Amino acid sequence: FCKGQHLGRLAATLSLDSLYADANRLVTFADNHDVPRVWSACGGEERRVRALLTFLLTARGIPTINYGTELGLAGAGEPENRRDMDFAADARFAPLIRTLLAARKTHEVLRNGQARPLHLSSDRYLYLREGGEESALIAINLAPTSWAPEFPAAKGVSGLDLLGGATTSDLVVAPLSASVRIYKNTDLTMESGGNELRKVTLRVQSDSENLRLVGAGPNFGDWDPSRGVVGKQQDDGLIAFTIAIRANEIGVFKFVREAGTQPQWEDGGNRYLFAKAVSGTPLRPTFTEGETK
């Protein structure tokens, strides 16, 4: 939220919830006494902090709010991030926190709902929390322009806008913000979540034969190159990687090749795999010669 990193980091983390006995009992936080305060981490950009808090207080887990977050207490590092509470300051985020905590108490789906991703890009993430009699649609837009996400299941259906306090069928998310809508399941027309494992094939163009796909979770090798997915050379010269992944899962990975006795990770940031949005375009990893990491 603060540093402009790929929103796949959030989506991929939620996709690993099945590894826990009960992910809803995990404690979540935006900051604490050992790291920079969120207000400083976001450079004092109020919209980014609001979007972050909206996600935190509507996501699975047990949210923890550090004292002073409600007023935007600053602190980029120790000991500033442990400064005394300023009780005279304007509690600029208190109304937002109060509204979302009340909604979390009222709507059981915000406490125990399961996440289903619907859309993912570097700066936009749309997912549904399902469970009980309601569903919660959470849209995060960290792009500099407004976003009207596609959600066919709710087309023409009114949902409760938790932050706007009104029931509306329109869904437009402002730049650098997050939106939360509550829908009655009886009003939605959603196909089954499809949590079963399916095989997804990625085609890769590379000069390296000793290439592996390595990422988070057991099906990606738990970031251990020796346990990564091995590709198979195809007749057309491409390398095919077949991964078992759930339909509603988003995986995070990178390609690794052998460089002497050391594994060499591909250049650039992590890649994200959304099983429902796999294209046939071959991927092209690049490697810096002589560099291992």
Side-chain angles (χ1 to χ4, degrees), residues 1 6-8 10-11 14-15 17 24 45-61 63 93-195 247-250 272 274-277:
F1 283 90
H6 200 297
L7 281 172
L10 288 180
L14 294 178
S15 288
D17 281 357
N24 285 317
E45 289 191 66
E46 185 168 329
R47 290 187 297 175
R48 290 185 182 274
V49 178
R50 287 185 178 277
L52 189 158
L53 292 175
T54 300
F55 169 77
L56 175 70
L57 295 174
T58 56
R60 65 98 175 103
F93 298 114
L96 173 67
I97 294 172
R98 189 179 298 115
T99 295
L100 291 174
L101 286 178
R104 193 178 183 93
K105 182 178 181 180
T106 301
H107 301 282
E108 192 267 345
V109 69
L110 293 177
R111 301 191 304 275
N112 299 313
Q114 300 297 310
R116 186 205 295 210
L118 300 174
H119 172 86
L120 175 67
S121 65
S122 62
D123 50 14
R124 287 170 174 165
Y125 178 36
L126 181 72
Y127 78 102
L128 197 68
R129 293 197 69 190
E130 302 171 297
E133 299 179 353
E134 296 179 320
S135 292
L137 184 70
I138 295 106
I140 301 169
N141 180 24
L142 299 185
T145 57
S146 296
W147 178 36
E150 288 288 332
F151 183 45
K155 194 169 185 179
V157 176
S158 295
L160 174 62
D161 182 351
L162 290 185
L163 302 183
T167 300
T168 175
S169 60
D170 296 328
L171 178 58
V172 178
V173 190
L176 294 177
S177 69
S179 173
V180 185
R181 301 292 176 95
I182 301 293
Y183 296 92
K184 293 181 179 180
N185 288 339
T186 53
D187 293 338
L188 298 180
T189 54
M190 292 287 290
E191 62 180 16
S192 174
N195 207 32
N248 290 325
E249 184 177 355
I250 291 177
Y272 297 93
F274 188 7
K276 291 183 177 179

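Quick caveat, the model's predicted, so the values are computed rather than measured.
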- Query: What is the distance from atom CH2 of W147 to atom OG of S177, rounded to the nearest 0.5 Å?
  - Reply: 10.0 Å

- Task: Any chance you could measure L110, atom CG, to I182, atom CD1, to the nearest 0.5 Å?
- Result: 4.5 Å

- Considering non-hydrogen atoms only, spot the tightest contact between A115 and Y127 and give its length. CB-CD1, 3.8 Å

- Task: Let me see the working for N24 and R60 under side chain to side chain donor-acceptor pair (under 3.5 Å), right down to the final yes or no.
- Result: CA-CA 5 Å; N24 285 317; R60 65 98 175 103; 5.9 Å; no

- For the residue pair T106 and R111, what are the closest heavy atoms and their distance? N-NH1, 4.4 Å

- Hey, what do you get for CG (L128) to NE2 (H119), rounding to the nearest 0.5 Å? 15.0 Å

- Task: Could you check if a side-chain atom of S135 sits within less than 4.5 angstrom of a side-chain atom of R116, using non-hydrogen atoms only?
- Result: no

- Query: From F93 CZ over to L53 CG, what is the distance, rounded to the nearest 0.5 angstrom?
  - Reply: 6.5 Å

- Task: Please check if the side chain of H6 supplies one atom and the backbone of G8 the other of a donor-acceptor pair under 3.5 Å.
- Result: yes

- Does the side chain of L100 come within less than 4.5 Å of T54's, by heavy atoms? yes

- So do the side chains of T99 and I97 get within less than 4.5 Å of each other, counting heavy atoms only? no

- Taking R48 for its side chain and F1 for its backbone only, find out whether a donor-acceptor pair lies under 3.5 Å. yes

- Task: Step through it carefully: locate the ring centre of F274, locate the ring centre of Y272, and say whether they are under 6.0 Å apart.
- Result: no

- Message: Working to the nearest 0.5 angstrom, can you tell me the gap between L160 CG and L137 CG?
- Response: 12.5 Å

- Query: Between L126 and E150, what is the shortest heavy-atom contact and its length?
  - Reply: CD2-O, 3.7 Å

- Query: Can you check whether V109 reaches E130 side chain to side chain, under 4.5 Å on heavy atoms?
  - Reply: no

- Note on the structure: dist L162:CG -> R104:CZ (nearest 0.5 Å) comes out at 12.0 Å

- Query: With a 4.5 Å heavy-atom cut-off, do E45 and L176 have their side chains touching?
  - Reply: yes

- Query: Can you tell if the side chain of Y125 reaches within under 4.5 Å of the side chain of I140, non-hydrogen atoms only?
  - Reply: yes

- Just wondering, do P149 and V173 contact through their side chains at under 4.5 Å, heavy atoms? yes

- Distance-only, no hydrogens or angles: does the D123 side chain make a donor-acceptor pair with backbone N or O of N141 under 3.5 Å? no

- Message: Using only atom types and a distance under 3.5 Å, with no angle test, would you say the side chain of R181 pairs donor to acceptor with the backbone of D170?
- Response: yes

- Message: Which heavy atom of Y183 sits nearest to which heavy atom of V157, and what is that distance?
- Response: CE2-O, 3.8 Å

- Item | Nearest heavy atoms of A51 and L142, plus distance in Å | CB-CD2, 4.3 Å

- Message: Give me the atom names and distance for the closest heavy-atom approach of A174 to S146.
- Response: CA-OG, 4.1 Å

- Item | Under 3.5 Å: donor-acceptor pair, side chain of R124, backbone of L7 | no

- Hey, is the main chain of E249 close enough, under 3.5 Å, to the side chain of S15 for a donor-acceptor pair? no

